[in-house]
Asker: 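Got a structure here, written out as structure tokens. Questions coming.
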Amino acid sequence: MILDNVAALVTGGASGLGAGTVRALRAAGAHVAILDRDLARAQAVAAETGAAAYACDVADEASVTAALDAAAASHGDARIVVNCAGIGTAKRIIGRDAPMPLADFERVVRVNLIGTFNVTRLAAQRLSRLEPLAAGERGVVITTSSVAAFDGQLGQAAYAASKGGIVSLTLPMAREFAQFGIRVLNVAPGLFKTPLMDELPPEVQETLGASIPFPKRLGTPDDYADLVLALIRNPYINGESIRLDGALRLPPR
């Protein structure tokens, strides 16, 4: 797909992988809508890149619908949908005094898995009604899971389950959306330099980077965005989950 003048939306585009994707899409000529709960940070990225920013809770139908309506009023319904919004948690299921609170598990699954599904279903419905482009393609949906979907570590039950659900959504959605010329792809990042990673001391970040087979460094938002653009541009990649991790396999803890 040619990106110039194509409408795109990025959830979680106010920071980290999402912000890197916004910058790359704008540099390629796409009109980008940032959907994020942190409107102030989203507006800062929008001001820097020439994108548009909309407050959005990805797990809330009314919130997503309002954001999609506002974005469509500016540049039409998006042909490119990149789901980057997500949260994490680290908590054991069996605690010292009580089991992991169910609300903690539900919160992570709601944002990561349900939020991804909610945005995708609402955006894809609109996308399916657009006129097809070359070779019958209408657009592409890209979701973001994690290597934790495959190598979940101790304390990652909620996070790994939510990301594993995203991986499992990929093929059935690709098969269903094929009739509309909409591709569905998933990226599973490894250890990346994001705001969450920046909360760790520099020496810990260096150790984590050194644990990656090659290249021996943390991934960057640019690494993620480069893959997103390659997936958008290659019409024959569909229904696939791709690890982006430098050959890393997470240990049990």
Side-chain angles (χ1 to χ4, degrees), residues 3 5-28 30-89 103-104 106-127 129-130 139-146 158-159 162-163 165-166 169 187 189 192 194-199 221 224-225 228 232:
L3 289 163
N5 288 320
V6 171
L9 67 86
V10 180
T11 71
S15 63
L17 305 183
T21 302
V22 171
R23 295 183 179 100
L25 287 169
R26 284 293 299 136
H31 301 292
V32 184
I34 302 170
L35 277 58
D36 203 291
R37 293 190 68 175
D38 190 337
L39 183 58
R41 293 183 71 176
Q43 288 174 331
V45 175
E48 170 201 337
T49 60
Y54 305 97
C56 181
D57 176 352
V58 294
D60 181 85
E61 180 171 1
S63 179
V64 173
T65 298
L68 293 179
D69 286 343
S74 296
H75 298 293
D77 289 318
R79 291 188 183 273
I80 298 167
V81 180
V82 185
N83 292 277
C84 291
I87 61 173
T89 187
D104 291 349
E106 290 177 330
R107 181 175 63 90
V108 175
V109 170
R110 178 171 175 77
V111 174
N112 294 354
L113 177 56
I114 295 177
T116 294
F117 179 78
N118 188 43
V119 171
T120 297
R121 72 183 182 94
L122 295 172
Q125 180 72 32
R126 297 167 183 241
L127 175 51
R129 296 168 178 163
L130 298 180
V140 58
V141 175
I142 296 175
T143 63
T144 307
S145 60
S146 165
Y159 185 72
S162 69
K163 295 300 188 177
I166 294 172
L169 275 173
V187 179
F192 270 66
T194 63
L196 185 62
M197 180 67 71
D198 285 339
E199 294 178 6
Y224 176 90
V228 167
I232 292 170

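All values below come from the heavy atoms of this structure, side chains included, with hydrogens, waters and symmetry mates left out.
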Asker: First locate atom CD of Glu48, then atom CZ of Arg26, and finally report the distance between them rounded to the nearest 0.5 Å.
Answerer: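 Spacing of CD (Glu48) from CZ (Arg26) equals 11.0 Å.
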Asker: Test Ile80 against Val228 for side chain to side chain contact (heavy atoms under 4.5 Å, CB included), laying out the working first.
Answerer: CA-CA 10 Å; Ile80 298 167; Val228 167; 5.9 Å; no
Asker: How many angstroms lie between CG in Asp36 and OH in Tyr54, if you round to the nearest 0.5 Å?
Answerer: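 Separation between the atoms: 14.0 Å.
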Asker: Ignoring hydrogens, what is the shortest heavy-atom contact between Ile166 and Leu113? Give both atom names and the distance.
Answerer: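 What the structure gives for the nearest pair is N-CD1, 3.7 Å.
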Asker: With side chains defined as the heavy atoms from C-beta onward, is the minimum distance between Val108 and Asp104 less than 4.5 Å?
Answerer: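 Val108 does not reach Asp104 side chain to side chain.
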Asker: For the pair Asp77 (side chain) and Leu127 (backbone), establish whether a donor and an acceptor sit closer than 3.5 Å, ignoring hydrogens and angles.
Answerer: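 Checking the backbone N and O of Leu127 against the side chain of Asp77, no donor-acceptor pair under 3.5 Å is found.
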Asker: Does Arg110 reach the main-chain N or O of Ala59 with its side chain, forming a donor-acceptor pair under 3.5 Å?
Answerer: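 Yes, because the side chain of Arg110 sits within donor-acceptor range (under 3.5 Å) of the backbone of Ala59.
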Asker: Just how far is it from atom CG of Leu35 to atom CG of Leu9, taken to the nearest 0.5 Å?
Answerer: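 Reported to 0.5 Å precision, the distance equals 5.5 Å.
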Asker: Report the distance from atom CD1 of Ile87 to atom OG of Ser162, rounding to the nearest 0.5 Å.
Answerer: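 It is 8.0 Å, given to the nearest 0.5 Å.
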Asker: I need the minimum non-hydrogen distance between Thr49 and Val45, along with the two atoms involved.
Answerer: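 Closest pair (atom of Thr49, atom of Val45, distance): OG1-O, 2.8 Å.
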Asker: Does any part of the side chain of Leu3, heavy atoms only, come nearer than 4.5 Å to the side chain of Leu25, both counted from C-beta?
Answerer: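 Touching, per the 4.5 Å side-chain cut-off.
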Asker: Rounded at 0.5 Å granularity, tell me how far CG in Asp60 sits from CZ in Arg37.
Answerer: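 These two atoms lie 9.5 Å from each other.
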Asker: Testing the basics here: between Ile34 and Ala14, what is the closest heavy-atom pair and its distance to 0.1 Å?
Answerer: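 For Ile34 and Ala14, the tightest heavy-atom pair comes out as CG2-N, 3.9 Å.
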Asker: When rounded to the nearest 0.5 angstrom, what is the spacing between CG in Asp57 and OG1 in Thr11?
Answerer: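 Spacing of CG (Asp57) from OG1 (Thr11) equals 11.0 Å.
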Asker: Does a side-chain heavy-atom distance below 4.5 Å link Thr116 with Lys163?
Answerer: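 No. Closest side-chain heavy atoms not under 4.5 Å.
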Asker: Please name the pair of heavy atoms, one in Leu122 and one in Val64, separated by the smallest distance, quoted to 0.1 Å.
Answerer: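 The pair with the smallest heavy-atom distance is CD1-CG1, 3.6 Å.
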Asker: According to the interplanar angle, ranging from 0 to 90°, do the rings of Phe192 and Tyr224 count as parallel (below 30°), tilted (30 to 60°) or perpendicular (above 60°)?
Answerer: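 The arrangement is perpendicular - the two ring planes meet at more than 60°.
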Asker: Would you name the heavy atoms of Arg107 and Gly88 that are closest together and state the gap between them?
Answerer: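 Arg107 and Gly88 have their closest heavy atoms at NH2-O, 4.5 Å.
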Asker: Is the shortest heavy-atom distance from the side chain of Leu17 to the side chain of Pro189 under 4.5 Å?
Answerer: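 Touching, per the 4.5 Å side-chain cut-off.
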Asker: Step by step, work out the side chain to side chain contact (heavy atoms under 4.5 Å, CB included) result for Thr143 and Leu169.
Answerer: CA-CA 9 Å; Thr143 63; Leu169 275 173; over 6 Å; no
Asker: Looking at every non-hydrogen atom in both residues, tell me the closest pair between Gly18 and Val10 and how far apart they are.
Answerer: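 Shortest heavy-atom contact: O-CG1, 3.7 Å.
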